[in-house]
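This structure is a prediction, so every number in the text was calculated from the model and none was measured. Read the numbers this way: they start at 1 and go in the same order the structure lists the ligands and their atoms.
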Amino acid sequence: MNHNTTQEPTLVLAGTGKIGRRVVERLTARGLPVRVGSRSGEPPFDWDDRSTWAPALKGVGSAYVAHHWDALPGAAETMGSFAELAVERGVPRLVLMSGRGEEEAERGQQAVRDSGADLTILRSTWFAQNFSEDYWREMVQAGDVALPAGATPEPFVDAEDIADVAVAALTDDRHIGELYELTGPRLLTFADAVEEISEAVGREVRYVPVSIEDFAATSLEQGVPSELVEMLSLIFDEVLDGRNARLADGVQRALGREPRDFGDYVRAAAATGIWNATATRAA
Ligand SMILES: NC(=O)c1ccc[n+]([C@@H]2O[C@H](COP(=O)([O-])OP(=O)(O)OC[C@H]3O[C@@H](n4cnc5c(N)ncnc54)[C@H](OP(=O)(O)O)[C@@H]3O)[C@@H](O)[C@H]2O)c1
């Protein structure tokens with residue numbers, strides 16, 4: 001069913017990240033060859049160094065495409081240029097991982113579509129795993145999750161579901177042309193989400209709504225990279241106006257099953273000890 005019949009490797013960009021590494025694990029478990037695309041990959045892939053793009057594409061049959069700053073200005077053009085190169089180099093089968101509701105991310109989706117690639121688009125809401133595998137984990141450990149997220153409900157989606165959809169798309173050409181909007185099955189405010197985490201870990205963890213300015217200043221003080229702070233500030237400012245406060249059916253359409261509930265994610269993550277004050281390993 002996959003037009004990559006020659007068992008050429010799949011290039012997985014952001015292949016060391018929250019979604020990419022799960023895609024790599026799943027493809028590898030199926031015995032499918034993979035090339036991890038990241039700055040530490042072999043060959044290295046760097047979005048900021050175009051000379052690395054063609055070597056990373058050489059000999060691959062398909063690519064999972066994710067830009068680390070897809071909401072920041074300029075990312076759309078960069079992603080479009082990469083997709084054009086991929087098509088030109090004989091790698092038209094692309095699965096694009098991107099954001100939901102951010103203007104630049106959606107411009108990026110269009111730029112990749114304009115390349116003429118055989119494309120599947122994954123348009124995702126906030127990952128549940130931001131609470132356990134990214135730096136929000138430290139906020140949970142400290143007991144105060146201070147984010148500029150107001151009281152807008154969001155349908156947090158599980159990274160495991162996103163990776164399942166990505167792998168389904170990479171291995172079955174029937175997904176070409178589809179745009180899957182990926183959400184979990186329930187709308188939760190950040191306060192609701194943190195309360196569920198607090199209950200699961202059995203100690204007080206509070207959601208503390210802060211201004212975007214305070215969030216950015218504190219994050220920078222704590223050593224969070226400035227581009228990440230810039231991107232998160234932009235996303236918090238842009239998408240938490242209610243535009244994403246609705247469920248979508250991308251997981252169901254792609255996989256024929258329901259998405260995993262946030263509560264199941266929380267219980268499993270809590271059981272690993274990841275939110276204990278001394279934990280360091282990602283769940
Ligand atoms: N987190 C969310 O809630 C969320 C929601 C919707 C959409 N998204 C989007 O999903 C995509 C993937 O996010 P993620 O959370 O899975 O990633 P992540 O866990 O933050 O990992 C980032 C990845 O990008 C790679 N990377 C960083 N700088 C790079 C560069 N200059 N060139 C090439 N690779 C680079 C990193 O690898 P190296 O450091 O090894 O290079 C790593 O594999 C992003 O576009 C993000 O905006 C995220």
Side-chain angles (χ1 to χ4, degrees), residues 11-26 34-53 55-57 63-76 78-79 81-82 94-109 111-112 121-137 147 149 154-163 165-166 179-184 188 190 193 224-236 238-240 243-244 248 250-251 262 265 282-283:
L11 173 65
V12 181
L13 300 186
T16 53
K18 288 184 288 300
I19 306 301
R21 71 179 169 78
R22 289 178 161 87
V23 173
V24 169
E25 280 164 14
R26 282 161 168 73
V34 172
R35 179 176 298 163
V36 174
S38 91
R39 292 166 299 178
S40 55
E42 185 50 56
F45 175 88
D46 190 338
W47 280 108
D48 299 327
D49 177 359
R50 289 175 189 228
S51 72
T52 64
W53 296 3
L57 283 165
Y64 166 86
V65 179
H67 190 289
H68 53 302
W69 313 129
D70 70 347
L72 285 187
T78 306
M79 290 158 66
S81 300
F82 174 79
L94 304 181
V95 173
L96 173 66
M97 170 66 201
S98 185
R100 182 191 195 215
E102 304 96 317
E103 198 179 309
E104 186 69 8
E106 295 193 2
R107 277 198 338 107
Q109 292 158 27
V112 173
I121 296 176
L122 315 185
R123 188 182 275 176
S124 174
T125 192
W126 296 100
F127 308 161
Q129 275 77 2
N130 292 334
F131 290 105
S132 53
E133 297 181 19
D134 225 322
Y135 74 102
W136 299 356
R137 180 186 72 221
L147 293 171
E154 288 287 315
F156 296 94
V157 64
D158 196 297
E160 305 291 348
D161 285 339
I162 302 172
V165 173
L179 188 162
Y180 294 122
E181 219 171 313
L182 304 178
T183 76
L188 295 141
F190 277 69
V224 179
S226 58
E227 274 182 308
L228 180 55
V229 175
E230 190 189 340
M231 184 168 85
L232 283 172
S233 302
L234 193 151
I235 294 173
F236 277 119
E238 192 180 2
V239 304
L240 280 160
R243 75 183 69 181
N244 286 342
V251 173
F262 187 78
Y265 151 74

ask   = Which residue and non-hydrogen atom of the protein lie closest to atom 6 (C) of ligand 1, and at what distance in Å?
value = S124 O, 3.2 Å

ask   = Has E103 got more than 12 heavy atoms of other residues, nucleotides or ligands less than 6.0 Å from its CD?
value = no

request  = Just need the protein heavy atom nearest to atom 43 (O) of ligand 1, so name the residue and atom and give the distance.
outcome  = T16 OG1, 2.6 Å

query = Got the closest protein heavy atom to atom 39 (O) of ligand 1, with its distance?
reply = R39 NH2, 2.8 Å

message = On a heavy-atom basis, I'd like to know which of S38, A66, G20 is closest to atom 12 (C) of ligand 1.
response = A66

ask   = Has ligand 1 got any nitrogen or oxygen that is less than 3.5 angstrom from a nitrogen or oxygen of D46?
value = yes

query = Should the pair E160-R26 be classified as a salt bridge under the 4.0 Å nitrogen-to-oxygen rule?
reply = yes

ask   = Taking the minimum heavy-atom distance to atom 2 (C) of ligand 1, which of F131, F45, F127, W69 ranks first?
value = F127

Atom 25 (C) of ligand 1 - nearest protein heavy atom and its distance = A14 CA, 4.1 Å

inquiry  = Looking at E154 and R100, is there a salt bridge between them, counting it only when a charged N and a carboxylate O are closer than 4.0 Å?
reply    = no

task = Go through the steps to decide whether F45 and F82 satisfy the test ring pair (Phe, Tyr, Trp, His ring centres under 6.0 Å), and finish with yes or no.
result = CA-CA 11 Å; F45 175 88; F82 174 79; 5.5 Å; yes

key: Proximal ligand 1 atoms for D48, defined as those under 4.0 Å from one of its heavy atoms   = 31 (N)

ask   = Does an N or O anywhere in D70 fall below 3.5 Å from an N or O of ligand 1?
value = yes

inquiry  = Does either side chain, that of Q129 or that of D158, offer a donor lying less than 3.5 Å from an acceptor on the other one?
reply    = yes

key: Any A71 heavy atom less than 4.0 Å from ligand 1   = no

request  = May I ask you to check whether Y265 and F127 place their ring centres under 6.0 Å from each other?
outcome  = no

note = Among E154, M97, H67, R21, closest by heavy atom to atom 44 (C) of ligand 1 is H67

inquiry  = Quick check: K18 and ligand 1, any N/O pair under 3.5 Å apart?
reply    = yes

ask   = So which bit of A105 gets within less than 4.0 Å of ligand 1, heavy atoms only: side chain, backbone, both or neither?
value = neither

request  = Around atom 16 (O) of ligand 1, find the nearest protein heavy atom and jot down its residue, atom name and distance.
outcome  = I19 N, 3.2 Å

Part of T125 within contact of ligand 1 (heavy atoms, under 4.0 Å) = backbone

task = Just need the protein heavy atom nearest to atom 34 (N) of ligand 1, so name the residue and atom and give the distance.
result = W47 CD1, 4.0 Å

remark   = Note: ligand 1 atoms sitting under 4.0 Å from heavy atoms of W126 are 3 (O)

ask   = Given K18 and N130, is the side chain to side chain contact (heavy atoms under 4.5 Å, CB included) satisfied, shown in steps?
value = CA-CA 9 Å; K18 288 184 288 300; N130 292 334; 3.4 Å; yes

message = Less than 4.0 Å is my threshold; does some heavy atom of G37 fall inside it relative to ligand 1?
response = no

request  = Distance to 0.1 Å, residue and atom name: give those for the protein heavy atom nearest to atom 21 (O) of ligand 1.
outcome  = G17 CA, 3.3 Å

Identified side chain to side chain contact (heavy atoms under 4.5 Å, CB included) partner of I121 from the options Q109, E181, M97 = Q109

Polar atom proximity, N130 to ligand 1 (N or O, under 3.5 Å) = yes

